[in-house]
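Note sheet for the following structure.
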Amino acid sequence: MRKLWKSAVAVAAFALVAGASDASAQVGISLGGGPSIPIGTFGDVFDMGFNIQASAAFAPAALPFGLRVDGAFNRFGGDEDNFRIVSGSLNGVFNLPMQGISPYIIGGIGVYN
C-alpha cells in the first residue's frame, strides 16, 4: 500500500512540474485550516481541535480534465488521548463546460489513517 501511495504522489508531482512549462495550462495551489468540532458520541469524548489542508491541481488548457492532489490533517484533544486523522488523495477532475458556473466531476484514490 505504501508503494502505491508513493507512486501516486510521484505521478502527481511529475504532472504538476511537466505542465508548469505550458503557459496555457492551469496550475492551482490551495491551503486551508480551521477548527474541527466533534459532534454526537465523538463530541462527548474529544474536545475541539484543528485541521489543516493543502491541495495542488493541474489542468491542461486544451483538455477538459486534470489532476488534483489533496492532503489533510485533523487533530482532536481529549482527557486521556488525542485523536488524529491524516488523509491524502489523488483525483482526476473532469470539468463540465457550462457558462456562468464551473461544475466538475471528481474521483480517485485516497489513503486515510
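One finds the CZ atom of Arg75 at 12.0 Å from the CZ atom of Phe83 (value rounded to the nearest 0.5 Å). A distance of 14.5 Å separates CG in Asn91 from CZ in Phe65, rounded to the nearest 0.5 Å. Distance check, rounded to the nearest 0.5 Å: CZ of Phe94 to CD1 of Ile106 gives 13.5 Å. Rounded to the nearest 0.5 angstrom, Ile105 CD1 and Leu96 CG are separated by 4.5 Å. With rounding to the nearest 0.5 angstrom, the CG atom of Asn51 is 10.0 Å from the CD1 atom of Ile37.
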Inset, instruction - Assess whether side chain to side chain contact (heavy atoms under 4.5 Å, CB included) is satisfied between Ser30 and Gln53, documenting all intermediate values. - result: CA-CA 8 Å; Ser30 63; Gln53 178 270 332; 4.2 Å; yes
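Both Val45 and Ile85 are part of a single hydrophobic cluster, where members link through side-chain heavy atoms under 4.5 Å apart. Put simply, Phe76 and Met48 are part of two different groups of oily side chains (I, L, V, M, F, W, Y) that touch within less than 4.5 Å, one to the next.
Under a cut-off of 6.0 angstrom, the local environment of CD1 in Ile39 is sparse, with at most 12 non-hydrogen atoms contributed by other residues, nucleotides or ligands.
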